[in-house]
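Below: one structure, written as structure tokens.
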Amino acid sequence: MLFERTFLLSALITALCLVLGFPIAHLLATLPLRYSNLLMILVLLPFWTSLLVRTTAWMAILQGQGVLNNALVALGVVGEGGRVALMYNQAGTVIAMTHILLPFMVLPLYSVMRTIKPTYVRAARSLGASSWTAFRRVYLPQTLPGVGAGALLCFILAVGYYITPALVGGASGQLISNLIAFHMQNSLNWSLAAALAAMLLAAVLLLYWLYDRLVGIDNMKLG
Amino acid sequence: MALPVYATPLERLWRWVYIAICALVFLFLIAPIIIIIPLSFNAEPYFTFTPRMLRLDPDGYSLRWYDTLLTMGMSNPEAPRGAAWWADSWRNAAWVNAAKNSIIIGFFATILATSLGTLAALGLSRPDMPYRRAIMAILISPMIVPIIITATGLFFFYSMTGLANSYVGIILAHATLGIPFVIITVTATLVGLDQSLNRAALSLGASPTTTFFKVTMPLIMPGVISGALFAFVTSFDEVVVVLFVAAHDQQTIPRQMWNGIREQISPAILAVATILVVISIALLTVLELLRRRSERLRGMSPG
């Protein structure tokens, strides 16, 4: 079912964003401001770049004759016949959307991690905790508000994504938004489109309410 | 951030692995944006690096795709390049017309979104505002609600009200999408605003209007401008609403890109993409300068 696939893929993309975003948010938050402001540009530039530009870039990289496959062939990792299908399937949707949503994970994580004082971890270490224990028992719990804010935001945005899956998703990488657009523009089954849109809207509003309760809209930060 | 002297060898190793992971993630973030820039100078109609490009042979690079942006759709692209040629390009070239439309729509949508968003933020930041939270949630919702739902709703609404296929319809829709960004950025500057400055101005005999324009406005200006930039970028990058409510001849840059990607994909798209990346770098620079100015105005220490 398409709703199920949309939620599964969104959860996967959110998890990937968290895994990729956590280390760099931590690095940005612990470096001196002089350096972290410079590195922050690498997060903000994709954030500011047009969605279509980023999707096009991924098409140039991922397609069968694209940059990545050519590099793999040139390095001898895969043969000329074994080019990997990275686009027009779920892999394309997941890779491109993870890239596009990653800044939405990094920015809330970063703003929470900036406020965590390094003295807590130092205190834990001096009381005999190993660095792993100090991270897990002292640092990680303090980052949870940021993790929650980033993950919810990523998930909400991913569930309603249209452009990227339509361009790089092929048949298996389509999400619920693409079906709504299909019924609006091609099959002209407007009642079905409206019904699907209403269901999606209900799901998103529920998540939005949750976000407001847990994070508070006033705390949303942009760059 | 440096490792303490008592770090174990394992911790030192982990430190390097950690830095390597971060470098890879940064590469993942930035590489796709950088890679399209050389590709847009491809001399061949391919979406990938040709062997000649990899050898850095000047013949492998050309400006032909940038030229295509000017000539595509012209009535007589082969004419000698004089004033008549440029006039032809300005009138007929598909991408030039798309750019004109995008800028007109973006300009008016930004003005509308910025003025309405700033007013909303000012009202919402007053402590005596009733139902603050609920109103805020509703005003921010265009950012959260999937664009396809907004577009579907607008399509039905505009068909009933006669706004479909009009510039006014697109501008209103884009303004709605831009307002949340303005509210968020202006609210952020208002939080740090010292209310005693306003009271001081009022007690010295300034009228509320004078106080607003002479005291409040200059202080929240960085937030207003960055909100306006966000609103403009949102409009400049918006394709779904345009696809749903605009007439066939109302092309914008993103819509033209969308059609290009779906029909015949050529490096001309990458040339447009490169121009857009350069624009975003310029906007990001403006924002960074604004941020510094705002910090200076508030007497915060620079980083």
Side-chain angles (χ1 to χ4, degrees), chain A residues 20-21 23-24 27 30-34 37 39 41-46 48-61 63 65-67 70 99 102-103 125 131 156 159-163 167 177 180-181 184 190 193-194 197 200-201 204-205 208 211-212 217-218 220-223, chain B residues 1 4 7 11 18-19 21-22 25-26 28-33 35-36 39 46-49 133 136-137 140-141 144-149 152-153 155-156 181 184-185 187-188 226 230 233 236-237 239-240 243-244 254 257-258 261-262 265 269-270 273 276-277 280-281 283-284 287-288 303:
Chain A
L20 295 178
I24 61 170
L27 183 75
T30 45
L31 278 179
L33 266 177
R34 241 175 325 140
N37 274 346
L39 279 176
I41 295 174
L42 299 182
V43 179
L44 289 177
L45 183 60
W48 274 88
T49 307
S50 154
L51 200 68
L52 280 165
V53 169
R54 283 179 283 171
T55 308
T56 321
W58 278 111
M59 294 176 83
I61 293 171
Q63 62 181 318
Q65 296 295 324
V67 176
N70 280 357
H99 176 252
L102 190 49
R125 293 301 308 271
S131 57
I156 294 175
V159 163
Y161 244 59
Y162 169 64
I163 295 174
L167 291 177
S177 287
I180 298 173
M184 283 299 290
W190 289 349
L200 177 61
L201 184 62
V204 168
L205 287 182
Y208 183 40
Y211 183 88
D212 190 25
I217 305 161
D218 333 30
M220 202 181 272
K221 291 233 171 53
L222 302 164
Chain B
M1 192 52 200
E11 283 172 5
Y18 165 71
I19 289 176
I21 294 173
C22 288
V25 178
F26 280 122
F28 171 73
L29 270 171
I30 207 75
I33 294 171
I35 220 160
I36 55 171
L39 278 178
Y46 300 134
F47 237 47
T48 187
F49 290 102
R133 225 183 149 97
M136 186 89 166
I140 302 288
S141 66
I144 295 291
V145 170
I147 188 71
I148 193 82
I149 293 180
T152 309
F155 173 79
F156 290 126
F181 295 101
I184 290 174
T185 52
T187 308
S226 60
F230 266 109
V233 167
F236 209 70
D237 187 29
V239 63
V240 185
L243 280 174
F244 272 64
M257 276 184 86
W258 170 268
I261 295 170
R262 304 207 102 183
I265 188 154
I269 305 283
L270 294 181
L276 291 179
V277 169
S280 3
I281 292 175
L283 286 177
L284 196 59
L287 263 189
E288 177 64 20

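Note on naming: letters A, B, ... go to the chains in the order of the sequence lines (proteins, then strands), and numbering restarts at 1 for each one.
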Segment of B/L29 engaging chain A (4.5 angstrom heavy-atom cut-off) | both
Contact class of B/L270 relative to chain A, heavy atoms under 4.5 angstrom = side chain
Considering all heavy atoms of both residues, which atom of A/A57 and which atom of B/P32 are nearest to each other, and what is their separation?
-> CB-O, 3.2 Å
Taking side-chain hydrogen bond (donor to acceptor under 3.5 Å, both in side chains) as the test, write out the residues that go with A/S50, two or more places apart.
-> B/D237
For side chain to side chain contact (heavy atoms under 4.5 Å, CB included), just list the numbers for B/I261 and A/T55, CA-CA rounded to whole Å, side-chain angles, deciding distance to a tenth of an Å, and then say yes or no.
-> CA-CA 10 Å; B/I261 295 170; A/T55 308; 6.0 Å; no
Run the side chain to side chain contact (heavy atoms under 4.5 Å, CB included) check on B/L39 and A/V67 step by step: do they pass?
-> CA-CA 10 Å; B/L39 278 178; A/V67 176; 4.1 Å; yes
Max heavy-atom pair count under 4.5 Å with chain B, selected residue of A/V43, A/L205, A/L51, A/I41 | A/L51
Show the numbers, then the answer: is there a side chain to side chain contact (heavy atoms under 4.5 Å, CB included) between B/V145 and A/Y208?
-> CA-CA 9 Å; B/V145 170; A/Y208 183 40; over 6 Å; no
Between A/W48 and B/F236, does the ring centroid distance fall short of 6.0 Å?
-> no
Do the non-hydrogen side-chain atoms of B/T152 and A/W190 ever get within less than 4.5 Å of each other?
-> no
Side chain to side chain, A/L102 and B/F28, heavy atoms closer than 4.5 Å | yes
For B/I281, what residues pass the side-chain contact (heavy atoms from CB on, under 4.5 Å) criterion, not counting sequence neighbours?
-> A/L45, B/V277, B/T285
